[in-house]
**Student:** 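Before I ask anything, here is the structure I am working with.
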Amino acid sequence: MIKRGLLQKLLLVSFLFTCTGLQAQQLPDSVVMVIAGKPVSMAEFLFMAQKNDEVELSDSNSVNQYIELFKNFKLKVADAEASGLARSQSFRNELDTYRAQLTSSFLSDKAGENAAVQDVYNRYSEMLELSHILFKMPKPSVTQDTVAAYALADEAYRRINNGESFEAVGQALATANPDLIRYEYVHCLLPMQTVKAFEYAAYDMPVGTVSAPVRTTLGFHLIKLHNRKPNPGMRTAAHILIPVASDSIPDADQTALNKANEVYKQAVNQGDFSILAQTYSSDAATAGRGGVLPEFGAGEMVESFETAAFALQNPGDISEPVKSPFGYHIIKLLDKRGIPDFEEKKSKWARIMAQGERNFEYNQTFDDRMKQEYGFRFYPEAYRELQNLCDVYYPANPAFYTDMPQMQTLLFHVNDTDYTQRDFMSYMQRHPYSTKSYSGDFMEDVFKLYVRELLIQAERANLSVKYPEYNHLMREYHDGILLFEISNKKIWN
């Protein structure tokens, strides 16, 4: 904290450099100097001084030197303004861009966002091996549309619990009704590779168990967790791909395997793998660079290729020919490392979470804090009446808005304002921003977005009062742009 005596010194010294005819007693107590006719507040001066590492505010000489620098800086800004630079479209565009970025940084909770990404990253050390049966729902769907899909899933769940094989039940159902049911074995699942509800359910399961029906945006899933394995990390490898000719050609597979074995022998007998890839590989995307693939992790390659690549222990090791749907691969391990650290994954995952269905967990800390600050109150009975409409109509259906036009019950209160069911329905009709195909999920997404939008409006209007540094940062950037422009005009050009 700055002592009162220091403030008095700052006031006394600064007025020596006042560039105006105004007298000190005419100025408000908060003004420390006037430069080119414009007052500078003590708060602005201290904000700028404290950002300068060379200023020692407890040293009067240091303060005096900085005041001189500050005065000259402000005079140049005033010169730029007098030259009309602040009226140019390029200046206004740049300032507006910064204002939007700065405002966005205040309308978030970085610690909460990091915690949300960290929660996902905590699962990243472990990969899952599982099978699942998907019972699809129609798109879009209301509650009554889910009944048939759920009944099929529940029946299959009971059969499996009564001793039938998960794989046998899944394959039989998928074969009998391929348009509505799908069976899939997944050799590796990691976080952020599937829809949120599926990932959360799978990671919460004990090995060897079968889940009850899990509803996601795709439908109802039965999940069997076969195994949990440590994430093996990342690999960089090169490969040579020998294609298998059309099945109509006799012995095509054996011919390709023979060719792959010949190339493999050359590779292990000190042949130049890069030259061999350029000569023999049919993978046009990698052959020209010696067969080198982008770095990959578990679950990113077809299973047979991945198993062979991760089985190689030391850089320089070469695999025997491995068959995949693309042909026969000879794989050379170039480098291996552990799983990427949190900072490496954070930026990519944060972008995905901020924009997709995970945005509510990503912004939850901010949303919760704003709700508390602006007195959010929710009336669940009124919301349940809207849910009853969702049982019958999808929110994009015009009948959703005409069937019960008198819905004026109080739905929630925020920032000293009441909002009714009708207010929300009007918003949802204008802003149907959800990718969810199930009516109840769709409405829930839009409701959360509506409340967040109102909270952000309230916070945006309050930024200058709530965060004094907001105005200081805007002023700093405003002046910085003008200083650059006037220097460019009068010195560098």
Side-chain angles (χ1 to χ4, degrees), residues 100-130 132 184 186-205 211 214-218 221 223 225 227-237 293-303 306 309-310 335-370 433-437 441-442 444-446 448-449 451-453 455-456:
Q101 293 172 345
L102 180 63
T103 300
S104 177
S105 71
F106 278 89
L107 298 176
S108 63
D109 187 313
K110 296 303 179 186
E113 292 169 359
N114 284 342
V117 181
Q118 182 70 59
D119 185 57
V120 176
Y121 184 81
N122 290 342
R123 297 191 285 273
Y124 189 55
S125 62
E126 195 172 53
M127 61 183 193
L128 308 181
E129 178 189 2
L130 56 85
H132 75 111
E184 184 181 17
V186 181
H187 78 277
C188 173
L189 177 73
L190 286 168
M192 303 294 288
Q193 290 183 342
T194 186
V195 293
K196 183 181 74 172
F198 188 99
E199 175 188 314
Y200 278 49
Y203 268 91
D204 283 343
M205 293 174 59
S211 72
V214 175
R215 183 170 62 80
T216 74
T217 55
L218 305 175
H221 305 256
I223 308 170
L225 184 61
N227 204 356
R228 294 175 178 266
K229 305 173 185 176
N231 187 335
M234 308 298 291
R235 298 293 185 271
T236 302
L293 293 157
E295 187 183 49
F296 57 90
E300 298 179 21
M301 297 291 189
V302 295
E303 183 179 4
E306 181 180 302
F310 278 92
D335 191 23
K336 59 188 293 188
R337 67 183 180 108
I339 63 173
D341 61 24
F342 175 70
E343 291 300 322
E344 186 175 342
K345 301 298 293 186
K346 183 176 71 172
S347 58
K348 178 180 178 181
W349 283 0
R351 287 195 302 272
I352 296 172
M353 293 178 72
Q355 298 172 1
E357 66 167 342
R358 300 174 190 249
N359 85 88
F360 298 111
E361 63 186 291
Y362 185 71
N363 293 293
Q364 183 174 347
T365 303
F366 174 77
D367 291 346
D368 290 347
R369 177 162 57 84
M370 290 297 100
Y433 300 144
S434 174
T435 59
K436 301 292 179 59
S437 58
D441 293 343
F442 181 100
E444 182 182 10
D445 277 5
V446 179
K448 289 178 179 178
L449 291 173
V451 173
R452 181 188 296 162
E453 183 173 311
L455 291 168
I456 285 177

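All values reported here derive from a predicted model rather than from experimental measurement.
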**Student:** Would a distance-only check, ignoring hydrogens and angles, find a side-chain to backbone donor-acceptor pair under 3.5 Å from N231 to Y124?
**Tutor:** yes

**Student:** Find out whether the Lys NZ or Arg CZ of K448 is both under 6.0 angstrom from the six-membered ring centre of F360 and within 45° of the ring's axis.
**Tutor:** yes

**Student:** Verify, without hydrogens or angle tests, whether S105 (side chain) and L102 (backbone) share a donor-acceptor contact under 3.5 angstrom.
**Tutor:** yes

**Student:** For R228 versus A202, what's the shortest heavy-atom pair and its separation?
**Tutor:** NH2-O, 3.9 Å

**Student:** Is a side-chain donor-acceptor pair under 3.5 Å present for N122 with Q118?
**Tutor:** yes

**Student:** With side chain to side chain donor-acceptor pair (under 3.5 Å) as the test, would you mind laying out the steps for D445 and S434 before giving the verdict?
**Tutor:** CA-CA 6 Å; D445 277 5; S434 174; 3.0 Å; yes

**Student:** Of all residues at least two apart in sequence or in a different chain, which pass the ring-ring contact (aromatic ring centres under 6.0 Å, His included) check with F442?
**Tutor:** Y394

**Student:** Specify the closest pair of heavy atoms between F310 and P232, including all atoms of both residues, with the distance to one decimal.
**Tutor:** CE2-CG, 3.5 Å

**Student:** How far apart are the closest heavy atoms of I456 and F366, and which atoms are they?
**Tutor:** CG1-CE2, 4.1 Å

**Student:** Please assess R337 against E295 for the test salt bridge (charged side-chain N to carboxylate O under 4.0 Å, His left out), listing each intermediate value before the final yes or no.
**Tutor:** CA-CA 10 Å; R337 67 183 180 108; E295 187 183 49; 2.7 Å; yes

**Student:** Are F198 and L189 close enough, and set up right, to give a side chain to side chain contact (heavy atoms under 4.5 Å, CB included), and what steps lead you there?
**Tutor:** CA-CA 10 Å; F198 188 99; L189 177 73; 4.1 Å; yes

**Student:** Can you sort out the partners of R351 under side-chain hydrogen bond (donor to acceptor under 3.5 Å, both in side chains), two or more places apart, ordered by chain and number?
**Tutor:** none

**Student:** Check the pair M192 / V120 against side chain to side chain contact (heavy atoms under 4.5 Å, CB included), numbers first and verdict last.
**Tutor:** CA-CA 8 Å; M192 303 294 288; V120 176; 3.7 Å; yes

**Student:** For the residue pair S211 / H221, report whether a side-chain donor-acceptor contact shorter than 3.5 Å exists.
**Tutor:** no

**Student:** Does any N or O in the side chain of E357 come within less than 3.5 Å of the main-chain N or O of K196, such that one atom is a donor and the other an acceptor?
**Tutor:** yes

**Student:** Which pair of non-hydrogen atoms, one from T217 and one from S437, has the smallest distance, and what is that distance?
**Tutor:** O-OG, 3.6 Å

**Student:** Can you name the nearest heavy-atom pair linking M205 to L225, along with the distance?
**Tutor:** O-CD2, 3.1 Å

**Student:** Under the rule for ring-ring contact (aromatic ring centres under 6.0 Å, His included), what residues qualify as partners of Y203, not counting sequence neighbours?
**Tutor:** none

**Student:** So, for L293 and T236, which heavy atoms are closest and what is the spacing to 0.1 Å?
**Tutor:** O-CG2, 4.1 Å

